[in-house]
Asks: 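I have a structure here, written as structure tokens, and I will follow up with some questions on it.
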Amino acid sequence: MGKSCSKSLFLTQFSLQITHTRSLRTAGGGAAADSFIALCRQGHLKQAFTAHFSLISWDPPLVSHLLKACVDSSSLSLAQQLHSIITTNGWSNIKFVSNHLMSAYAKLCRLETALKVFDKMPERNVMSYNIVIGGYIQSGDLGAAVVVFKEMGERKNSATWNAVITGMIKNELNEEGLTLFTQMHSNEFSSDAYTLGSVLRACAGLKDLIKGKQVHGYAMRLGLELDLVVGNSTSHMYMRCGCLTEAERVIQSMPLRNIVLCNTLIAGLVQNGCAAGALETYHLIKRAGFRPDDITFVSVVASCSKLSTLGQGQQIHAEVVKAGAASDAAVITSLISMYSRCGCLDGAVKAFEERGGAARCHVLLSSMIAAYGFHGKGDEAIELFKRMELDGVKANKVTFLSLLYSCSHCGLKEKGLQLFNLMIGKYGLEPEVKHYTCVVDLLSRAGCLEEAERFIRSMPVKPDAVTWKTLLSACKIHKTADMATRIAEEILKIDPQDSASYVLLSNIQATADRWRDVSTVRKQMRERMVKKEPGVSWYELKNEVHHFIMGDKSHPQWEEINSYLKEVMAEVRSHGYVTDIGASLHDMDSEEKEHNLAHHSEKLAVAFALMKAPDSIPIRIMKNLRVCDDCHVVMKYISMVRNREIVLRDCSRFHHFKHGHCSCDDYW
DNA sequence: CTAGGGTTAG
């Protein structure tokens with residue numbers, strides 16, 4: 001469940017002061033050019049060139065525009081073709097054309113060529129220098145960047161400083177940018193809105209609230225705090241530092257608002273755990289007359305993902321298509337993740353396939369790999385990674401993390417270990433604790449518990465509570481109560497309030513009939529005031545989310561649901577199901593336990609879904625805790641007896657129940 | 001010198 005959040009200040013008095021939205025990039029060249037650009041946007045650069053090359057009346061803005069597209073789709077050869085068009089037409093002396101060309105070469109890892117273009121420029125502007133400096137910074141040659149900066153310095157004005165500071169910060173050299181900012185002042189150049197915007201962005205990147213507040217104060221002294229860009233950057237900085245109220249106050253004070261400001265607010269709300277507020281704000285800004293753009297959609301789709309509300313997500317997807325934002329790589333990445341997290345792998349695959357093969361960057365591919373992994377499709381995930389390697393798209397740490405858990409989720413131990421070694425060896429990536437945790441999962445799931453424990457105790461980074469919890473889950477499956485006690489101690493050293501671990505340990509002891517140990521755990525829980533978090537399940541029906549909590553009869557159709565659940569359970573019993581009382585932690589007699597188990601939130605939710613939803617669609621239920629053993633068994637029976645597909649997402653993974661079998665292979 | 005966005009263990 002999302003964190004509760006106070007109603008946004010913004011929502012209470014949002015006015016209709018709208019500034020003009022940035023218009024979609026347009027370029028010269030008429031209808032052929034439009035169609036050309038449309039094709040390029042969809043990632044079909046090569047097709048676009050073949051079909052339209054001779055029809056287009058080339059002009060400098062169009063060429064510049066397309067150079068940007070080349071960067072987006074990593075097409076060096078097309079950039080070279082454009083280069084020759086520039087040369088043939090004698091446009092090399094136009095500053096912005098050469099700047100774009102340099103920028104494309106630099107970003108496509110051809111710094112040498114970019115420098116040649118730079119050398120041939122008869123006249124340069126700040127941008128030209130900035131691109132070269134940026135290129136050097138990206139290739140890791142800071143020394144050369146400084147040399148160019150000094151050469152540029154001989155021209156020694158505010159715009160130059162701003163250009164370099166912006167260049168640094170854009171390349172994530174936040175500290176360096178801030179240092180230059182200080183130097184700029186000691187060289188008696190004063191800041192303007194451009195400087196402040198960049199510097200605030202650096203503070204946001206560093207999550208440095210103290211510096212950020214100082215800059216905010218400085219902006220007020222300069223009377224620049226109401227500038228659209230400065231105000232937005234200030235709000236963004238507060239959002240990144242987790243100060244939601246402060247960020248909203250800044251937006252509230254702005255005399256003019258535009259879609260960028262709205263986006264800062266919506267993204268900030270999601271990032272600060274208030275997905276419901278983000279969704280609400282989205283509907284509000286639309287009513288206020290703002291037109292959402294691709295960036296808005298990325299955040300709104302992410303909200304649906306966090307809330308696990310497939311219906312709302314699909315609705316937003318339709319709006320994305322209508323708004324013509326469906327070919328933006330970030331939007332698609334977000335959609336893939338949303339469908340996957342809402343339990344609809346088909347939707348994720350469809351969104352992925354629609355993108356076509358032309359322009360799939362590493363983030364987009366990683367998100368699809370993660371989606372396969374989430375749903376236990378390890379082979380598909382690995383297949384996609386192979387294709388990624390063939391296409392020359394470079395995998396990063398996130399890609400490998402997704403690959404590793406794809407393997408552990410379906411028992412591909414050897415394959416997973418191979419990938420782990422590939423990541424360190426061939427890719428030269430340093431694993432983080434999350435990667436090590438996946439390896440622990442790979443080993444322990446395969447029954448190598450001792451090896452997994454040795455691995456944890458010898459790994460070069462400090463294991464966290466999750467690392468140990470992974471091993472503790474394995475102890476449950478492999479019924480090793482002694483080891484479980486030892487591992488639980490490690491977890492409670494790190495987080496003594498982690499109720500899930502107490503519950504897990506107690507269940508393991510109960511299964512091993514070690515009742516004295518069970519009561520020790522319960523005593524510890526009482527002494528340390530650890531409360532078992534109540535289990536909540538939710539189910540979305542016709543745009544409405546229904547919540548179910550054990551023992552809570554507040555649902556308007558509670559009686560009906562309860563008696564229907566009884567019917568279903570009787571049906572399931574007639575097919576051989578027997579209640580497993582061990583799954584209950586509570587200290588009570590058997591009859592009471594059975595009664596409690598029978599009303600677990602996921603059972604209530606599934607009964608409601610069986611009652612209300614059409615037979616043809618899978619039932620998708622979300623739960624805030626791990627699924628209990630008994631409910632897991634019941635779901636398997638229901639999927640068989642009723643011939644219904646049930647997708648249950650608990651706090652860590654998906655369970656797909658079909659024909660009496662679960663995708664997790666009873667390991668979770 | 002022109003803001004704001006994407007993938008991530010249990």
Side-chain angles (χ1 to χ4, degrees), chain A residues 22 125-127 129-130 157-167 169-170 192-198 200-201 204 227-237 239-240 258-268 270-271 293-302 305 325 328-338 340 361-371 373-374 395-406 408-409 431-442 464-474 491 498 500-501 504 626 650-653 668:
Chain A
R22 177 185 64 183
N125 60 14
V126 177
M127 191 68 178
Y129 282 94
N130 203 19
N157 56 28
S158 283
T160 324
W161 280 97
N162 286 344
V164 179
I165 292 175
T166 308
I169 292 168
K170 268 196 173 165
D192 59 14
Y194 287 111
T195 333
L196 293 178
S198 290
L200 283 162
R201 179 171 159 173
D227 175 273
L228 202 50
V229 177
V230 173
N232 182 62
S233 303
T234 308
S235 176
H236 178 239
M237 179 275 297
M239 283 294 191
R240 276 298 161 96
N258 64 0
I259 189 68
V260 180
L261 222 44
C262 299
N263 290 343
T264 301
L265 181 65
I266 294 175
V270 196
Q271 286 156 8
D293 66 7
D294 40 7
I295 296 181
T296 323
F297 288 125
V298 168
S299 300
V300 181
V301 171
S305 175
D328 182 88
V331 173
I332 294 166
T333 307
S334 208
L335 282 168
I336 292 170
S337 173
M338 181 276 290
S340 154
C361 66
H362 67 284
V363 186
L364 193 123
L365 287 160
S366 300
S367 119
M368 194 59 230
I369 289 176
F374 236 167
N396 66 3
K397 284 186 184 183
V398 178
T399 321
F400 277 103
L401 190 65
S402 306
L403 280 168
L404 289 172
Y405 76 70
S406 303
S408 70
H409 279 187
E432 291 168 12
V433 67
K434 294 176 181 185
H435 299 91
Y436 286 104
T437 301
C438 281
V439 175
V440 171
D441 198 34
L442 278 170
D464 61 14
V466 177
T467 317
W468 291 112
K469 275 163 94 167
T470 304
L471 188 50
L472 188 62
S473 299
I491 299 170
D498 183 52
S501 296
L504 192 53
R626 294 159 54 94
D650 69 10
C651 62
S652 63
R653 62 167 303 150
W668 76 96

Asks: Would you classify A:S473 as touching base, sugar-phosphate or nothing, given that sugar-phosphate means primed atoms plus P, OP1 and OP2, and contacts are heavy atoms under 4.0 Å?
Replies: sugar-phosphate

Asks: From NZ of A:K469 over to P of B:dG10, roughly how many Å is that when rounded to an integer?
Replies: 12 Å

Asks: Of the nucleotides B:dG6, B:dG10, B:dT7, which has the atom closest to the A:S366 side chain?
Replies: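 Nucleotide nearest to A:S366's side chain: B:dT7.
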
Asks: Using only heavy-atom distances, determine whether the side chains of A:S337 and A:S367 contain a donor-acceptor pair under 3.5 Å.
Replies: no

Asks: Can you identify which nucleotide, out of B:dC1, B:dA9, B:dG6, has its nearest atom closest to the A:Y194 side chain?
Replies: B:dC1

Asks: Which one, B:dT8, B:dG6, B:dA3, comes nearest to the side chain of A:L228?
Replies: B:dA3

Asks: With heavy atoms under 4.0 Å as the rule, sort A:D464 into base, sugar-phosphate or nothing.
Replies: base

Asks: Just compare B:dC1, B:dG5, B:dA9 and give me whichever is closest to any side-chain atom of A:V466.
Replies: B:dA9

Asks: Suppose we call a contact any N or O donor and acceptor under 3.5 Å apart; does that hold for the side chain of A:D328 and the base of B:dG5?
Replies: yes

Asks: Does a side-chain N or O from A:H435 land closer than 4.0 Å to OP1 or OP2 of B:dT8, or not?
Replies: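 Answer no for this pair, as no side-chain N or O of A:H435 is under 4.0 Å from OP1 or OP2.
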
Asks: Quick one: A:I295 CD1 to B:dG5 P, roughly how many Å, whole number?
Replies: 8 Å

Asks: Give the rounded distance in Å between these two atoms: CG of A:L472 and C1' of B:dG10.
Replies: 11 Å

Asks: Between the base of B:dG6 and the side chain of A:T333, is one N or O donor paired with an acceptor at under 3.5 angstrom?
Replies: yes

Asks: Report the distance from atom CG of A:N396 to atom C1' of B:dG6, rounded to the nearest whole Å.
Replies: 12 Å

Asks: Please determine, for the side chain of A:V229, which listed nucleotide (B:dA3, B:dC1, B:dA9) has the closest atom?
Replies: B:dA3

Asks: From the set B:dT2, B:dT8, B:dA3, return the single nucleotide nearest to any side-chain atom of A:A370.
Replies: B:dT8

Asks: Side chains of A:T437 and A:T467: is there a donor and an acceptor less than 3.5 Å apart?
Replies: yes

Asks: Starting from P on B:dT7, measure out to CG on A:L335 and report it in whole angstrom.
Replies: 12 Å

Asks: Among the candidates B:dT2, B:dA9, B:dG5, find the nucleotide nearest to the side-chain atoms of A:T166.
Replies: B:dT2

Asks: So, does A:H236 get its side chain near the phosphate of B:dG5, meaning an N or O under 4.0 Å from OP1 or OP2?
Replies: yes

Asks: Could you check how far CD1 of A:I266 sits from P of B:dA3, rounded to whole Å?
Replies: 18 Å

Asks: Of all heavy-atom pairs between A:S408 and A:D441, which one has the smallest distance, and what is that distance?
Replies: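 In terms of heavy atoms, the two residues are closest at OG-OD2, 2.9 Å.
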
Asks: Not counting sequence neighbours, which residues clear side-chain hydrogen bond (donor to acceptor under 3.5 Å, both in side chains) with A:T195? List them please.
Replies: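 A:T195: side-chain hydrogen bond (donor to acceptor under 3.5 Å, both in side chains) contacts with A:N162, A:D192.
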
Asks: The side chain of A:V298 is closest to which nucleotide in this list: B:dA3, B:dG5, B:dG10?
Replies: B:dG5

Asks: Of the options B:dA3, B:dT8, B:dG5, whose atoms approach the side-chain atoms of A:L401 most closely?
Replies: B:dT8

Asks: What is the nucleic acid contact for A:R201, judged by heavy atoms within less than 4.0 Å: base, sugar-phosphate only, or nothing?
Replies: sugar-phosphate

Asks: Look at the side chain of A:D192 and decide which nucleotide, out of B:dT7, B:dC1, B:dA9, has an atom nearest to it.
Replies: B:dC1

Asks: What residues, two or more places apart in sequence or in another chain, satisfy salt bridge (charged side-chain N to carboxylate O under 4.0 Å, His left out) together with A:K434?
Replies: none

Asks: For A:F374 and B:dT7, give me the distance from atom CZ to atom P, rounded to whole Å.
Replies: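 Rounding to the nearest Å, CZ of A:F374 and P of B:dT7 are 11 Å apart.
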
Asks: Whether A:K170 contacts B:dC1 is assessed here as follows: a side-chain N or O lying under 4.0 Å from the phosphate OP1 or OP2. Is that the case?
Replies: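 So the side-chain polar atoms of A:K170 never come under 4.0 Å of the phosphate oxygens OP1 or OP2 of B:dC1.
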
Asks: Distance check, rounded to the nearest 0.5 Å: A:C438 atom SG versus A:F400 atom CZ?
Replies: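 The CZ atom of A:F400 is 12.5 Å from SG of A:C438, to the nearest 0.5 Å.
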
Asks: Just to be sure I understand the rule, does A:A329 reach a base, reach only the sugar-phosphate, or reach nothing, if contact means heavy atoms closer than 4.0 Å?
Replies: base

